[in-house]
Amino acid sequence: MKKSVFLGTIAVAGLTAGLASASTLEEVQERGSLNCGVTTGLTGFAAPDANGEWQGFDVSVCRAVAAAVLGDPMAVEFVPTTGQTRFTALASGEIDMLARNTTWTFSRDVDLSFEFTGVNYYDGQGFMVPRDLGVSSAMELDGATVCIQTGTTTELNLADFFASNNMSYEPVPIETNAEAQQQYLAGACDVYTTDASGLAATRATFEDPAAHVVLPEIVSKEPLGPLVRHGDNEWGDIVRWTLNGLISAEELGITSANVMELAAGTENPEINRMLGTEGELGAMLGLESDWLVNVISSVGNYGEIFEGNIGENTPIGLARGLNAQWTDGGLLYSPPFR
């Protein structure tokens, strides 16, 4: 979930060099599919269902971009990546974009030469413990063993939190969320720490979720969002404005149910620009005029994606919180389509 800078910076920068001049849009359209990097499996965010079909909140971002570029949300090849492998996969061109609960940080943006295209989930790092441990606060975790995913910002945040509170801990390094779950349930660690959303998603898969408690402390800022390579500006614009389109669609009341009707024309100029009945926004991106119609009719708006995958009526049970629209007191705010 959080992701870090412990990855050969020079190697990544070297891989990125030379790729920037290529047109990712042309490559994706010629290939006929989008290669999208996701997690190895996190229920509600990105995981294969019983039929092997990828589903989830981050998966929907990949499908939205495929719908925008190819007119087909199913034209996606999902590439599972770990905290250690995801940045190499993007820098090398193995994937066209990364949509994997990845935290936007200075060093990843600047030093690793990636371009974050927005935030699709505002999060923070938390702690989960077995209820029978009798702990009600992270301030009571002195001396605990803690499962942490390697190659993530979790490691630095964890060290900072314990050091600043004069506490000690014993790290139990793990590679994937599945491994973390296995180790935590086996008692190999007292605590599992990652993004609070990831803790909720993990706990929802337990046989007895009520036997585990997510502690109240949030110890970091984790703005999670999709990213592309530095210098891939045209492609970055497509990913960025696809995400903005999902956010704006919710604000303006455009849904998967009414988008086709609204695409015939409305009295709202911004809706008309978004859906291609006014202006040339699609052409500016090198896409068809109805690119956002394809997106919203395929995956819905941001609110539909949130509620359908991780919302309060799902096993994950997340409230909108910071991820509510700005008009509802949240942080979601898209620049205007004009």
Is there a side-chain contact between [X] and [Y], using heavy atoms and a 4.5 Å cut-off?
X: Leu34; Y: Val65; answer: yes
X: Glu270; Y: Arg273; answer: yes
X: Pro223; Y: Thr103; answer: yes
X: Leu25; Y: Leu287; answer: yes
X: His212; Y: Leu199; answer: no
X: Asn177; Y: Thr40; answer: no
X: Thr255; Y: Ile296; answer: no

Can you tell which of Leu246, Asn301, Leu243 makes a side-chain contact (heavy atoms from CB on, under 4.5 Å) with Val295?
Leu246
Mark yes or no for whether [X], through its side chain, and [Y], through its backbone, hold a donor-acceptor pair below 3.5 Å.
X: Glu304; Y: Ser256; answer: yes
X: Ser164; Y: Asp160; answer: yes
X: Arg131; Y: Ala210; answer: yes
X: Glu251; Y: Ile247; answer: no
X: Thr154; Y: Thr194; answer: no
X: Asn272; Y: Gly265; answer: no
X: Asp290; Y: Val293; answer: no
X: Trp235; Y: Met97; answer: no
X: Arg229; Y: Leu90; answer: yes

Who are the side-chain hydrogen bond (donor to acceptor under 3.5 Å, both in side chains) partners of Glu53, not counting sequence neighbours?
Gln55
Sequence neighbours excluded, which residues qualify as side-chain hydrogen bond (donor to acceptor under 3.5 Å, both in side chains) partners of Trp104?
Asp109
Residue pair [X] / [Y]: nearest heavy atoms and the distance that separates them:
X: Met167; Y: Ala138; value: CE-O, 3.6 Å
X: Ile148; Y: Pro171; value: CD1-CB, 4.0 Å
X: Asn120; Y: Tyr302; value: O-OH, 2.8 Å
X: Ile95; Y: Leu98; value: CD1-CD1, 3.9 Å
X: Arg63; Y: Phe78; value: NH2-CE1, 3.5 Å
X: Glu217; Y: Ser137; value: OE2-OG, 2.5 Å

Can you get from [X] to [Y] by hopping between Ile, Leu, Val, Met, Phe, Trp and Tyr side chains that sit under 4.5 Å apart?
X: Leu322; Y: Val119; answer: yes
X: Phe162; Y: Leu215; answer: yes
X: Met260; Y: Leu275; answer: yes
X: Phe206; Y: Val129; answer: no
X: Val61; Y: Leu285; answer: yes

Between Tyr121 and Phe306, how do the two ring planes meet: parallel, tilted or perpendicular, split at 30° and 60°?
parallel
Just say parallel, tilted or perpendicular for the rings of Tyr184 and Tyr192, cut-offs at 30° and 60°.
tilted
Pair [X], [Y]: side-chain N/O donor-acceptor within cut-off below 3.5 Å:
X: Ser220; Y: Glu222; result: yes
X: Thr150; Y: Glu175; result: yes
X: Thr145; Y: Asp190; result: yes
X: Thr193; Y: Gln125; result: yes

Val38 vs Cys62, test: side-chain contact (heavy atoms from CB on, under 4.5 Å). Steps then yes/no.
CA-CA 9 Å; Val38 292; Cys62 301; 4.0 Å; yes
Measure the spacing between [atom1] of [X] and [atom2] of [Y] and express it to the nearest 0.5 Å.
X: Ser297; Y: Asn258; atom1: OG; atom2: CG; answer: 11.0 Å
X: Leu158; Y: Gln149; atom1: CG; atom2: CD; answer: 12.5 Å
X: Ile254; Y: Asn268; atom1: CD1; atom2: CG; answer: 7.5 Å
X: Ser60; Y: Asn309; atom1: OG; atom2: CG; answer: 4.5 Å
X: Phe127; Y: Met139; atom1: CZ; atom2: CE; answer: 10.0 Å
X: Phe87; Y: Leu112; atom1: CZ; atom2: CG; answer: 6.5 Å

Not counting sequence neighbours, which residues clear ring-ring contact (aromatic ring centres under 6.0 Å, His included) with Tyr122? List them please.
none
Trace of the side-chain contact (heavy atoms from CB on, under 4.5 Å) decision for Trp241 with Met284:
CA-CA 11 Å; Trp241 284 98; Met284 294 179 192; over 6 Å; no
For Asp72, the salt bridge (Lys or Arg N to Asp or Glu O under 4.0 Å) test, sequence neighbours excluded, returns none
Which side-chain hydrogen bond (donor to acceptor under 3.5 Å, both in side chains) pairs, counting each pair once, include a residue from residues 313-325, with sequence neighbours left out?
Glu250-Arg320, Glu250-Gln325
Mind running side-chain contact (heavy atoms from CB on, under 4.5 Å) on Val172 and Cys147 for me, showing each step along the way?
CA-CA 5 Å; Val172 180; Cys147 282; 4.1 Å; yes
Dump the intermediate steps for side-chain contact (heavy atoms from CB on, under 4.5 Å) on Cys36 and Val79, then the final yes or no.
CA-CA 6 Å; Cys36 198; Val79 180; over 6 Å; no
Around atom CD of Glu288, are there more than 12 heavy atoms of other residues, nucleotides or ligands at under 6.0 Å?
no
Mark yes when over 12 heavy atoms from residues, nucleotides or ligands other than Glu26 sit less than 6.0 Å from its CD; otherwise mark no.
no
Donor-acceptor contacts under 3.5 Å from residues 328-338 side chains, at least two apart:
residue: Ser334; atom: OG; partner: Ser248; partner atom: OG; Å: 3.0

